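See below for the structure under consideration.
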Amino acid sequence: MTQKIQHHLTTPLLMGYAAGTLPEAFNLVVATHVSLCDDCRAALAEFEAVGGETMLDVAPVAMSDGALAGTLAKIAQGDAVVAKSTAARTGPYPAPLAPYIRDFAQWKKIGGGVSQMLLHTGDRASVRLLKIPAGTAVPDHGHKGTELTLVLQGAFVDETDRFGVGDIEVANEDMHHTPIAEMGEDCICLSATDAPIAFHGLLPRIAGRLMGI
Amino acid sequence: MTDAQLDKRLAWISQLEAVRDRQDRAAFAELFDYFAPRVKSFLMKSGSTPELAEECAQEVMATLWNKAHMFDGSKASVSTWIFTIARNRRIDMIRKLRRPEPEDLPWGPESAPSADDTIALQQETEILGRALAELPSKQRQLIERAYFGDLTHSEIASETGLPLGTIKSRIRLALDRLRHAMN
């Protein structure tokens, strides 16, 4: 990584990932950011340690009779699976994205030169890759829930700041913004929302419908 | 810190190494007796039925046996490691979702963790655990609910009637206290 990451994961995201309570789409964004950011990797380890100590601090609940014997029997049968991830980084896409990107031909034009690739998750929050040509703006939009945007290639600027590779923007309901891809490389972002995005103006609303959000 | 508290954590590591090196059932039983009821409690507090929590806790302990070779005492306490296994099983078995994980770090040639690094990390985790236990009860409860409850911060707010900003700042305050206790 040539440039330093300026925009990091927030406490609720780190804690939610450590606890296992986030939607799958948000877990994907967190795992991808942590793959790029040593600071957040260290912070996540801290939050996992807090989780471990919190688990020790609560009143234990007795296991059933024979639980130990049952577990040893499971072990003897070789029931428990040890899956080792073999996914690898591909170009600007860190390894956590590999199982979600089945085919790079899945990019779909959604207007204004912007392309997207929907990634499929098992719950209602949605996640997609967006490819924004250098110098192009994404239509002004607000959010009903939380939107996470992680830059994988290039950079964008909006009303708040500049976001380069590895930077994450956390936008909430109060935020309206118009991200513009910087000149140079096309900007590729991983974007997750836990509620539909609200576009302002008729054409952007139609574009939003095309994007399926 | 007294030696006894650190010794407890080092004993867990020895038990795990006995499982790894000799498939030592007695050592496994000790880990099982201490951790399985806590994992079960964690899962029940997260909303699992007792039956599912029981099954899942057994799976977690079986995973501990099968992955004992992957544990590194210079990177995590046994309690942290078991918590992450339990968290993962909860997502797999109970939430039934895929679970994206960060890339492994590109470590150089594998070297055994140094004893000094292991002791330092185990000490830090012990200090963290004690700091957590000494937090004012309201702060500790919020942290517990953020970890155990399948609750977002805004849901915690609506259930407790506290404004969201208060929850966030209380959790931040609790974490600041924990960090301060670590320094």
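Predicted model only: the values in this text are computed from it and were never measured. Throughout, a chain's letter reflects where its sequence line sits, starting with A, and its residues are numbered from 1.
With a threshold of 4.5 angstrom between heavy atoms, B:Thr84 approaches chain A through side-chain atoms but not through N, CA, C or O. B:Ile91 touches chain A through its side chain: at least one heavy atom from C-beta onward sits under 4.5 Å away, while N, CA, C and O do not. Residue A:Ala98: no heavy atom, backbone or side chain, is found under 4.5 Å from chain B. With a threshold of 4.5 angstrom between heavy atoms, A:Pro23 approaches chain B through N, CA, C or O but not through any side-chain atom. Using a 4.5 Å cut-off between heavy atoms, A:Ala62 contacts chain B through its backbone alone, with no side-chain atom that close.
Looking only at side-chain heavy atoms (C-beta outward), A:Met63 and B:Gln58 come within less than 4.5 Å of each other. Contact annotation: the side chain of B:Glu54 never approaches that of A:Val61 to less than 4.5 Å [non-hydrogen atoms, C-beta and beyond].
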Check your understanding: Going through the checks in order, is the side-chain hydrogen bond (donor to acceptor under 3.5 Å, both in side chains) test met by B:Glu144 and A:Thr54?
Key -> CA-CA 6 Å; B:Glu144 284 181 7; A:Thr54 306; over 6 Å; no
Practice item. Take A:Tyr17 and B:Arg87 through the test side chain to side chain contact (heavy atoms under 4.5 Å, CB included) and record every step on the way to the result. Key: CA-CA 9 Å; A:Tyr17 185 91; B:Arg87 181 262 327 258; 4.2 Å; yes
Practice item. Applying side chain to side chain contact (heavy atoms under 4.5 Å, CB included), run through A:Met15 and B:Leu175 and close with a yes or a no. Key: CA-CA 11 Å; A:Met15 202 183 240; B:Leu175 292 168; 4.0 Å; yes
Exercise for review: Assess whether side chain to side chain contact (heavy atoms under 4.5 Å, CB included) is satisfied between A:Glu46 and B:Arg179, documenting all intermediate values.
Suggested key: CA-CA 10 Å; A:Glu46 284 180 358; B:Arg179 286 208 183 89; 3.6 Å; yes
Practice item. Apply side chain to side chain contact (heavy atoms under 4.5 Å, CB included) to the pair B:Trp65 and A:Leu72, showing each step before the final yes or no. Key: CA-CA 9 Å; B:Trp65 178 292; A:Leu72 286 167; 4.0 Å; yes
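Contact record, B:Phe83 with A:Glu48: CD2-O, 3.6 Å, taken as the closest heavy-atom pair. Nearest heavy atom pair, residue B:Tyr147 against residue A:Phe47, reads OH-O, 2.7 Å. Here the closest non-hydrogen pair linking A:Met55 and B:Phe42 is CG-CB, 4.0 Å. Considering all non-hydrogen atoms of both residues, B:Ala62 and A:Thr71 come closest at N-CG2, 3.9 Å.
Across A:Leu28, A:Val34, A:Leu56, the residue that shares the most heavy-atom pairs under 4.5 angstrom with chain B is A:Leu56. When A:Gly16, A:Pro96, A:Ala45 are compared by the number of non-hydrogen pairs under 4.5 Å with chain B, A:Pro96 comes out ahead. By number of non-hydrogen pairs under 4.5 angstrom with chain A, the leading residue of B:Lys96, B:Glu55, B:Arg25 is B:Arg25. Your options are B:Ser79, B:Pro102, B:Ser41, and the one with the most heavy-atom pairs under 4.5 Å with chain A is B:Pro102. When each of A:Asp38, A:Val50, A:Thr32, A:Leu44 is scored by its heavy-atom pairs under 4.5 Å with chain B, the top score falls to A:Val50. Counting heavy-atom pairs closer than 4.5 Å to chain B, the top residue among A:Val58, A:Asn27, A:Thr121 is A:Val58.
With rounding to the nearest 0.5 angstrom, the CD1 atom of A:Ile75 is 10.0 Å from the CD atom of B:Glu59. One finds the CD atom of B:Glu103 at 9.0 Å from the CG atom of A:Leu97 (value rounded to the nearest 0.5 Å).
Taking 4.5 Å as the heavy-atom cut-off, the residues of residues 29-40 of chain B that approach chain A are B:Ala29, B:Phe32, B:Tyr34, B:Phe35, B:Ala36, B:Pro37, B:Arg38, B:Val39, B:Lys40, ordered by number.
Salt-bridge annotation for B:Arg99 and A:Glu24: absent, with no side-chain N of the basic residue lying under 4.0 Å from a carboxylate O of the acidic one. Between B:Arg9 and A:Glu53 there is a salt bridge, since a side-chain N of the basic residue sits under 4.0 Å from a carboxylate O of the acidic one.
Other residues, nucleotides and ligands contribute at most 12 non-hydrogen atoms within 6.0 Å of the CG atom of A:Asp65. For B:Lys8, the NZ atom sits in a packed shell: over 12 heavy atoms of surrounding residues, nucleotides or ligands are nearer than 6.0 Å.
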